[in-house]
**Q** 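The following block contains the structure, expressed as structure tokens.
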Amino acid sequence: MADEKEDELRMLRRLAKSYGIHFKQPADKWPEAHGKRFRDIQELGYKKFSTYSESVTVRSVQEPWTRQIKSRTQWLVSRACDLAFNVQPKENGWRLGIENDVMHRFLVEVACPKCRARIWRSEIEATNYKTDSKWVQALEERRKNRKSCQCPIETRPQDYYEIGTSLLFDDRVEEIVMLDSALKDLPKKKTPDRTFGLKPTEKVNELLERVAVRTSTTTEILEFTPFKLATNPPIFPFLILEAKSDSSRNGFQDIQTQTAFPVWKFLTLQRQLQLKTECASEEPLVWFLGNRGSEWKVYGCYVDETDARPRYNIHPLWGGDLTTHDGALQLILIVDYILDWARDIYRPSIMRGLKSLVTGKGYDEVSLDLESDIYSVKDRVFDWIPPEAADFEFEEHLGTVIEDLEPETDIGQNDLLDGLPKTKLGSFRSASQVNYRFNGLNITEENVESLLILIQGPDDELSMSSMHAQNLDIKLQSCNELIVTTQHTLDEIESMWTGEKRKTDSTFSAASDVELYVILEYRCFIGPSWDVVRELTCLAVSKPAFVILQDCASSKGGYRTRELSNAPSTCPSTSLYEAIECLMSDSALQILQASVTSTFLSIRPSHVGKEKELQSLILEFRGLYHSDISQMVEEYSKCVRNRASKRMQPISLPQYLKSGGQGRKGYEAIMRQKKAEVEAWSSKYRRRTANRTFARRSARLTYVTEMDGHGFSCSRCSRGRLDGFAAQWQPISTKPLTKNTMLVQAVSLDTAVEIRQERNDFCLFLLGMGPEIRDDGSIAEIIEEHLKSNKMYHTLHHGLSPSEGRPNGPALWNLSRPYRRGAEREKRDLKAWIAELKYGNNPK
């Protein structure tokens, strides 16, 4: 075993050298970017317990934490001596006995729960590398304004629970570090004893998801964490601990070797973010604490370049023994310093880099704001914390700064409509105001049973509907538009479209890796109230749920299932994101044109044949004239509201006795039994239909300000969508009076009766900055000018649940020739609207 261990260490050292990992000597020169920090560590490493103790009496008035540090030092020495000389534990004994006390600062809050002022400050406070940065000045200003906790001694926090848990950092114990290309060369997986990184709060996760979408089209996806197998892991880890017992044969050189590749991975994550921001952000830095029994060492790990290649350095900075008061004090102060650096320097730097990627702004240009969800971290109770003092800086209350996400601001497009009259015979709308909808049926292994019970209504046996299972199986088997993707990708598409966040949409969620069969359709149409609507409809069935569907479909006999023969290979998430981005990149004019033609498209695997410019596309758009997917999604989603219908059928006592019952007691026993049966049935119903997550609906109202959008230079769009725009669109800028306006006439769609209405419905859409009305002019003159041209746009009003259309019925989608001459009846009604605008006249 010893020989195998030595062989493994030798292999690791060779691999480390090939990956540019270098083990520095203490006397080697420090890097310029981290020289000040390393000097701070060295200065803290010279502190003497005797000198520090003498100053505690004076300092504790303004710095009450100094007294606590003295007590912690004494306790740590006592505990280390007991372990070293009496217990002599193995590695895990040392870790359980002392590690949490060394890392105490990373586990608790920094603010007093009573007054919200600081309960501690680092002996030396970390500084930014670039002293001329505006962030340095802002940090120094905040530090000047920070106040120390001045609560009476008897009311100050005495333990971890009173202080509260850390809101900013999270740790993992023996979590596998995924090393990508290096992993296949290593003799076994790397699991550091303990690592610390940034806690992924709700706002941080939102920022990461936006970064993932923004960088999804690049060749190299930005990684946030090396803990791919963990649930909700810390991101961008910066501190690593590795321990050995004092009886272990492994010296510190072996500890460095074993930890080299996790250090390399952590530095690589920081370096990738730095390179993507293309700016002079904070240089990558990872701290490494190794211990062998009571002996501890601190290393600073950083990146420099030699011959244009990155070199990953592990540099020893301090060493000491916890059985001595000096060693214990120095380590406590060093850990305090690392936390101060992580909180004030490292975390804001990482957040600013991510924000730079999301907004496209330079690293030094992104704004800072407070992280509003700090108080919403789960398992955190704040009911007993009073409000902060009136003169207390809000940043201290939350304990951090973070770049705000700068959500898209809704420009006041309704200003275009200010001053326009409300009339009965016509309407005015801004073309920039667009409704985005997502209607989905997302069938998973967890909810498929509930769906099949609810869709047929609960019977006595609460059985699943084999008929509906067959319908879904047939639909998937016969569909040529099938896409195979992951749950996370589908969640991301909904988030892109409407901003809706689903519980499974975390990058780190295990459920997000499940593959789905997906049918995806897009509509753009005019709603009943002249709303411009863009709608994505999605039918998604996970592969495990499809197996359950087929089992249910064949359970009644007479129906034979088969494997999906039309399922393509898994579609890369980037291809789906690009297709959705194509749709979302349309200008306000293009969206309005698409709505007038009632655009209906299928997003499907590409079948491009010999067209070279399209051969690189994995997905294409194909026009549809009818489909039953939307109707199916609507029908199945409605059953989410179904409730239990079983009721107890009581019988009267005379009826019971007349039927041969045995007296009142027998009657009461029968009624109790019936009631118990109904309650048992209802309980079973609730259990079996508890998961109703299959129905997915979300929406948002947004404003599209761009007049120059995606265009048809995109080969996917030109092939899939030009057919829907067959008409020659009226140039909206040729006539000065009608500039930036579109006159649209619509027929209300009712497939139950003939398409006819008593009066034509008109709307004047305003684009961009709107029309240029003369001082003595009016909006009626603009409509008159449209009337003189003798042409207008014609479309259909689609209801809240757009009709699918019928193969042999009238064309309801992808309308041809929408811009054409108006009929005499339409001209008459338009003149009536003009009269109403001019004179308030409303002829019947």
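The residues of the chain are indexed from 1 along the displayed sequence.
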**Q** Measure across Gln258 and Leu12 and return the closest heavy-atom pair with its distance rounded to 0.1 Å.
**A** CA-CD1, 4.4 Å
**Q** For the pair Thr268 (side chain) and Trp264 (backbone), establish whether a donor and an acceptor sit closer than 3.5 Å, ignoring hydrogens and angles.
**A** yes
**Q** Passes side-chain contact (heavy atoms from CB on, under 4.5 Å), Tyr346 versus Leu339? Steps please.
**A** CA-CA 9 Å; Tyr346 178 71; Leu339 176 59; over 6 Å; no
**Q** Is there a side-chain contact between Leu76 and Ile332, using heavy atoms and a 4.5 Å cut-off?
**A** yes
**Q** Taking atom types as modelled, find out whether Thr444 and Asn447 have a side-chain donor-acceptor pair closer than 3.5 angstrom.
**A**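 Per modelled atom types, Thr444 and Asn447 side chains form a pair under 3.5 Å.
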**Q** Using the rule given for side-chain contact (heavy atoms from CB on, under 4.5 Å), can you reason through Leu357 versus Leu273, listing the C-alpha separation, both sets of side-chain angles and the distance that settles it, and then say yes or no?
**A** CA-CA 9 Å; Leu357 291 179; Leu273 177 60; 3.8 Å; yes
**Q** Between Leu267 and Cys301, what is the shortest heavy-atom contact and its length?
**A**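 Heavy-atom minimum between the residues: CD2-O, 3.5 Å.
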**Q** Looking only at heavy atoms, what is the nearest atom pair of Pro234 and Thr225, with distance?
**A**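 Taking every non-hydrogen atom into account, O-OG1, 3.0 Å.
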**Q** Kindly compute the distance separating CZ (Phe106) from CZ (Arg194), expressed to the nearest 0.5 Å.
**A**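 Rounded to the nearest 0.5 Å, the CZ-CZ separation comes out at 10.5 Å.
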**Q** Find the distance between CG (Asp254) and CD (Glu242) and round it off to the nearest 0.5 Å.
**A** 11.0 Å
**Q** Indicate whether any N or O donor in one side chain lies under 3.5 Å from an N or O acceptor in the other, for Gln330 and Trp318.
**A**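 Per modelled atom types, Gln330 and Trp318 side chains form a pair under 3.5 Å.
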**Q** Give a yes or no on whether a salt bridge exists between Asp82 and Arg79, defined as a side-chain N under 4.0 angstrom from a carboxylate O.
**A** yes
**Q** Could you go through the side-chain contact (heavy atoms from CB on, under 4.5 Å) check for Lys17 and Phe23 one step at a time?
**A** CA-CA 9 Å; Lys17 186 176 181 180; Phe23 303 101; over 6 Å; no
**Q** Please confirm whether Phe196 and Phe238 have ring centers closer than 6.0 angstrom.
**A**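 No.
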**Q** Identify the heavy atoms of Ala84 and Thr323 that sit nearest to each other, and give their distance.
**A** CB-CG2, 4.3 Å
**Q** Is it the case that the side chains of Thr570 and Glu515 hold a donor-acceptor pair, with the cut-off being a distance below 3.5 Å and no angle test?
**A** yes
**Q** Val177 and Pro192: which non-hydrogen atoms are nearest, and at how many Å?
**A** CG2-CD, 3.6 Å
**Q** Without hydrogens or angle criteria, can the side chains of His315 and Tyr299 be said to hold a donor-acceptor pair below 3.5 Å?
**A**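 Not at all, the side chains of His315 and Tyr299 share no donor-acceptor pair under 3.5 Å.
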**Q** Centre of Phe169's six-membered ring, under 6.0 Å away, within 45 degrees of the axis: is that where NZ or CZ of Lys199 sits?
**A**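 Cation-pi check for Lys199 and Phe169: fails.
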**Q** How many angstroms lie between atom OG1 of Thr485 and atom CD1 of Ile493, to the nearest 0.5 angstrom?
**A** 6.0 Å
**Q** Closer than 4.0 angstrom, basic N to acidic O: yes or no for Arg271 and Glu282?
**A**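 Salt bridge between Arg271 and Glu282, a charged N being under 4.0 Å from a carboxylate O: no.
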**Q** Please tell me if the side chains of Pro31 and Phe38 come closer than 4.5 Å, counting only heavy atoms from C-beta onward.
**A** yes
**Q** Can a salt bridge be assigned to the pair Asp193 and Lys244 using a cut-off of 4.0 Å between side-chain N and carboxylate O?
**A** no
**Q** Does any non-hydrogen side-chain atom of Leu239 lie less than 4.5 Å from one of Val286?
**A**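 They are not in contact (no side-chain heavy atoms under 4.5 Å apart), so the answer is no.
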**Q** Going by atom types alone, do Gln487 and Asp491 pair a side-chain donor with an acceptor below 3.5 Å?
**A** yes
**Q** Under 4.0 Å between a Lys/Arg side-chain N and an Asp/Glu carboxylate O for Lys265 and Glu223?
**A** yes
**Q** Does Thr324 reach the main-chain N or O of Asp321 with its side chain, forming a donor-acceptor pair under 3.5 Å?
**A**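 Flag set: sc Thr324 to bb Asp321 pair under 3.5 Å.
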**Q** Assess whether a salt bridge exists between Glu43 and Arg39, defined as any Lys/Arg side-chain N lying under 4.0 Å from an Asp/Glu carboxylate O.
**A**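 No salt bridge links Glu43 with Arg39.
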**Q** As an exercise, state the distance from CD of Glu125 to CH2 of Trp341, rounded to the nearest 0.5 Å.
**A** 15.5 Å
**Q** Quick one, Leu331 and Val298 - any side-chain contact, counting heavy atoms below 4.5 Å?
**A** yes
**Q** Within the 4.5 Å heavy-atom criterion, are Thr195 and Phe227 side-chain neighbours or not?
**A**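 Yes - at least one pair of side-chain heavy atoms lies under 4.5 Å apart.
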**Q** Using a distance-only test with no angle check, is there a side-chain donor-acceptor pair under 3.5 angstrom linking Asp336 and Ser122?
**A** no
**Q** Checking Ser18 side chain against Leu15 main chain: does a donor-acceptor pair fall under 3.5 Å?
**A** yes
**Q** Does any N or O in the side chain of Thr73 come within less than 3.5 Å of the main-chain N or O of Ile69, such that one atom is a donor and the other an acceptor?
**A**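 Here the side-chain-to-backbone pair exists.
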**Q** Side chains of Asp28 and Gln25, heavy atoms from C-beta outward: is any pair under 4.5 Å?
**A**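 Yes. Closest side-chain heavy atoms under 4.5 Å.
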**Q** Less than 4.5 Å apart, any side-chain heavy atom of Thr489 and any of Tyr577?
**A** yes
**Q** How about Arg347 and Phe236: do any of their side-chain heavy atoms sit closer than 4.5 Å?
**A**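 No, side chains not in contact.
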**Q** Could you pull out the closest heavy-atom pair between Ala540 and Leu490, with the gap in Å?
**A**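 So the minimum-distance heavy-atom pair works out to CB-CD2, 3.7 Å.
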**Q** I want to know whether Phe261 and Tyr19 have ring centres closer than 6.0 Å.
**A** yes
**Q** Go through Leu289 and Lys297 one step at a time and tell me if the side-chain contact (heavy atoms from CB on, under 4.5 Å) criterion holds.
**A** CA-CA 6 Å; Leu289 275 61; Lys297 288 192 176 183; over 6 Å; no
**Q** Which value, rounded to the nearest 0.5 Å, describes the distance between Leu44 atom CG and Tyr337 atom OH?
**A** 8.0 Å
**Q** Taking Arg72 for the side chain and Asp101 for the main chain, is one N or O donor matched with an acceptor at less than 3.5 Å?
**A**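 Indeed, once roles are kept as given, a pair shorter than 3.5 Å links the two residues.
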**Q** Measuring from atom CD1 of Ile255 to atom CG of Asn291, what distance do you get when rounded to the nearest 0.5 angstrom?
**A** 7.0 Å
**Q** Treating Asp340 as the side-chain partner and Ala126 as the backbone partner, does any N or O pair qualify as donor plus acceptor under 3.5 Å?
**A**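 Pair found, side chain donor or acceptor close to backbone of Ala126.
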